[in-house]
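Accompanying notes for the structure given below.
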Protein chains: 2
Amino acid sequence: MSSRRCVRILGTGKYLPSKKVLPDHLDLLLDRPKGWTRKKSLIDERSHVTTETSSEMGAYALQSALKNSGLSPSDLDLIVAASSVPEQLIPSTSVLIQKKLGLENSGIPCFDVNSTCLSFITAFDLASHLLSSGQYRNIAIVSSEIASRGLSPKDFKSFSLFGDGAAAVVLQSTTDPQTGVLGSHMETYSSASDLCRILAGGNRFNPMNPPQSYDDYLFQMDGLNLYRFAFEKISPFFSTLLKKAGVTLSEVDLVIPHQASPLALEHMRKHLEVPKTKWVEIIRSHGNQVAASLPTALHESITHERLKPGMTALLFGTAAGVTFSGLVLRY
Amino acid sequence: MSSRRCVRILGTGKYLPSKKVLPDHLDLLLDRPKGWTRKKSLIDERSHVTTETSSEMGAYALQSALKNSGLSPSDLDLIVAASSVPEQLIPSTSVLIQKKLGLENSGIPCFDVNSTCLSFITAFDLASHLLSSGQYRNIAIVSSEIASRGLSPKDFKSFSLFGDGAAAVVLQSTTDPQTGVLGSHMETYSSASDLCRILAGGNRFNPMNPPQSYDDYLFQMDGLNLYRFAFEKISPFFSTLLKKAGVTLSEVDLVIPHQASPLALEHMRKHLEVPKTKWVEIIRSHGNQVAASLPTALHESITHERLKPGMTALLFGTAAGVTFSGLVLRY
């Protein structure tokens, strides 16, 4: 079991693009009868970017988190971007966020961490080590996603499921032994790596060696088999996470899952026997925002006072990989 | 100053594609007189992929590092990919490496870390925390790059400078207080983020919103201004790194720089007053291998017994961002 890492969440923030995409809009766009999209997707609203870039959304979310933290941007001593897809291949998205914040001459170190939808948990886990060891004092983690740019309207399921947006947290080192990460756990099974993918974008292809089909630039998901795979592994994963954190489910006050899909979330909750009162669900109002879902759900939990000082929260989820990852923290 | 993190390098490995690209080949390809490429690039040899993928090269390098470590693949409890460009956008390259190693049902956690050319230093720094805290016991870091796929033969300078390849290290936690990371330091200045970039590949563009020019898919570098920027900042950065590690340059046995370019490397060495006997240079035989340069140079240093147990090594460099990063370790 890893030792407790004393960190505190100083502030959180989120950014949603102003273009709201409602079920009625999708019924029209996708040429379906009125009411069809809401019934099939179970999602009331998601937002899509118009002109916003990933780093702009990330910077807006971080500005909001800094304001809630009572810190100024220059108080940061590390910026970690934790998204599934970068804005461009070089340099890292964290660098572009630093620039958008007006910190271009600050020297504040920047790097990106990527475990697809669970990048935020990975970054939080890493940051807790960097803070508790004293290497850094104030770390920003920013997740920003433009899911809509990887989707084809022809793929109704994904097109109606995903939303764009960003969220950020500012973490600070603390000597308070009551606050911080109690434990974390991660498992990756690449046997299921083809179930959720975007084949192009990286060094597999280039303009001289283009993909056979434009679809290779787009998100491809075998939702049914992904769901089956996740349910096969989730119970033992969840038990190990609780064990590593040294807590029982009854000692956890709030469970914040990755917002995969409305149906999968509800099945997962029942399967893991988490009471509704402890479960955070924002997918109906935000869509699946890929890596931005978890920090957005954390932000909403704090803003709506579902997560209050002294409480124990469990963040977890499944991601392309397939990866299972979770973290238990005392807020 | 951050506390010392006790870790040891159990083994290293590298992989070079079998297609050697010699100066004579480039003279022909680029329609230049014989001898021109060697004279201009100062590079004797670099390798380019034919059919290899990034994850395949990474898996070969890691297999070699595991062999040198005396470990089997299943002894790993974390795989970190540390490259500038992923193989595909989703899932992470570390997941694809896990699969190529035949570990697809192992559950070994996988994530990617990205600070462009210095991703290996960032991953090593993070891994040292994860090991010294006891969260993991054996961590693999793999850097694999297909630089040739981001280059246009029309851009002679870059085309003749870069090479493909991969390298890996296996790190293990240890209780030996004499072995490990003495200190690390990182600075990022996004004011210079446009000097070295690949604009496409991420969520800035997609097939419905394509780049104006194919050049946006390719690597673009303003070498002269990058060099000027680096030289303006490198001395104070280097001093801070030494100070954080609690050593003087005379106490460092070996300096392993990122292999940026032959001329820049030699100027950097003189500027920082590092004696030739302490300086590792592999660029003439490998080219600039982006993030794979540093672990390849570390591997060569160990293989050729320039780095021996008890010695102190300093790894550092500059990367797109612009980022400066370094780490001092006792081997």
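Letters A, B, ... mirror the listed sequences (proteins, then strands); counts begin at 1. Everything quoted here is computed from the prediction, not taken from an experiment.
- Only the backbone of A/L151 comes within less than 4.5 Å of a heavy atom of chain B; no side-chain atom from C-beta onward does.
- Comparing A/E104, A/Q220, A/E145 by how many heavy-atom pairs each has under 4.5 Å with chain B, the most go to A/E104.
- Looking at A/L218, the atoms closer than 4.5 Å to chain B (heavy atoms on both sides) all sit in the side chain, from C-beta outward.
- Every residue was checked against the ring-ring contact (aromatic ring centres under 6.0 Å, His included) condition with B/F205, not counting sequence neighbours, and none meets it.
- Interface residue A/I108: only backbone heavy atoms are found under 4.5 Å from chain B.
- Side-chain atoms of B/S190 and A/Q98 include a donor-acceptor pair closer than 3.5 Å.
- In this structure a side-chain-to-backbone donor-acceptor pair under 3.5 Å is missing from A/Q88 to B/G202.
- Heavy-atom distances place the side chain of A/D125, and not its backbone, under 4.5 Å from chain B.
- Residue pairs meeting the ring pair (Phe, Tyr, Trp, His ring centres under 6.0 Å) criterion with at least one member in residues 93-124 of chain B, sequence neighbours excluded: B/F120-B/F124.
- To the nearest 0.5 Å, the span separating OG1 on B/T122 from CG on A/D112 amounts to 10.0 Å.
- When A/A319, A/C196, A/S106 are compared by the number of non-hydrogen pairs under 4.5 Å with chain B, A/C196 comes out ahead.
- Comparing B/T53, B/V80, B/V85 by how many heavy-atom pairs each has under 4.5 Å with chain A, the most go to B/V85.
- Note: A/E87 leads A/E187, A/E87, A/K100 in heavy-atom pairs under 4.5 Å with chain B.
- A donor-acceptor distance shorter than 3.5 angstrom exists from the side chain of A/S92 to the backbone of B/N114, with no hydrogens or angles considered.
- The greatest number of non-hydrogen atom pairs below 4.5 Å with chain B, out of A/P91, A/A320, A/G201, A/G107, is found for A/G107.
- Distance check: B/H129 NE2 to A/Q135 CD gives 3.5 Å after rounding to the nearest 0.5 Å.
- Judged by distance alone, with hydrogens and angles left aside, the side-chain atoms of A/R197 form no donor-acceptor pair with the main-chain N or O of B/I90 at under 3.5 Å.
- Checked by atom type and distance alone, the side chain of A/T188 pairs as donor or acceptor with a backbone atom of B/C110 at under 3.5 Å.
- With chain B as partner, the option from A/S83, A/A147, A/S193 having the largest number of non-hydrogen pairs under 4.5 angstrom is A/S193.
- Your options are A/V322, A/D77, A/V113, A/I146, and the one with the most heavy-atom pairs under 4.5 Å with chain B is A/I146.
- A/L89 CG to B/R204 CZ: the interatomic distance, rounded to the nearest 0.5 Å, is 11.0 Å.
- Of the inter-residue distances, the one linking B/D194 atom CG with A/K99 atom NZ reads 4.0 Å to the nearest 0.5 angstrom.
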